[in-house]
Q: 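Right, I'll just put the structure down here and ask away after.
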Amino acid sequence: MKILYELSWLWETLGIALVAAAVCVACAALICKAAKKKLSKKLLAVIGAAAFVGAILAVILIARTPMPL
């Protein structure tokens, strides 16, 4: 049970990254729909993967920043 507690940060990070990736994909789809352009599934997957990696990096950078007292 202790190992699940120790890995809880991992699940939180993955959840944040998945939500951020979903928001980015939805925004890209809405932008393309407004511009009346076709958006391929391959491009959506690339946008989602890039957003996921970017969100993971952002969480790591934020976690390394010390909080002011």
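In this text the structure is predicted, and so the values were computed from the model without any measurement. Atoms considered below: every heavy atom in the structure, side chains included; atoms not considered: hydrogens, waters and symmetry mates.
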Q: Can you tell me how far apart NZ (K33) and CD1 (I31) are? Round to the nearest 0.5 Å.
A: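 It comes to 13.5 Å.
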Q: Under the criterion side-chain contact (heavy atoms from CB on, under 4.5 Å), I'd like the reasoning laid out for F52 against L14: C-alpha separation, chi angles, the key distance, then a yes or no.
A: CA-CA 9 Å; F52 183 78; L14 289 175; 3.7 Å; yes
Q: A20: which residues meet the side chain to side chain contact (heavy atoms under 4.5 Å, CB included) condition with it, sequence neighbours left out?
A: A55
Q: For a quick test of reading the model, state the closest non-hydrogen atom pair linking A28 to I47 and the distance between them.
A: CB-CD1, 3.8 Å
Q: Hydrophobic clusters here meaning ILVMFWY residues chained together by side-chain heavy-atom distances under 4.5 Å, can you tell me if V19 and I62 are in one?
A: no
Q: Is it true that V53 and I60 fall in one hydrophobic cluster, defined by side-chain heavy atoms closer than 4.5 Å?
A: no
Q: Quick check for you: to the nearest 0.5 Å, what is the distance between I56 atom CD1 and L61 atom CG?
A: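 Here the interatomic distance stands at 11.5 Å.
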Q: Search all heavy atoms of L39 against all heavy atoms of C32 and return the closest pair with its distance.
A: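 So the minimum-distance heavy-atom pair works out to CD1-SG, 3.7 Å.
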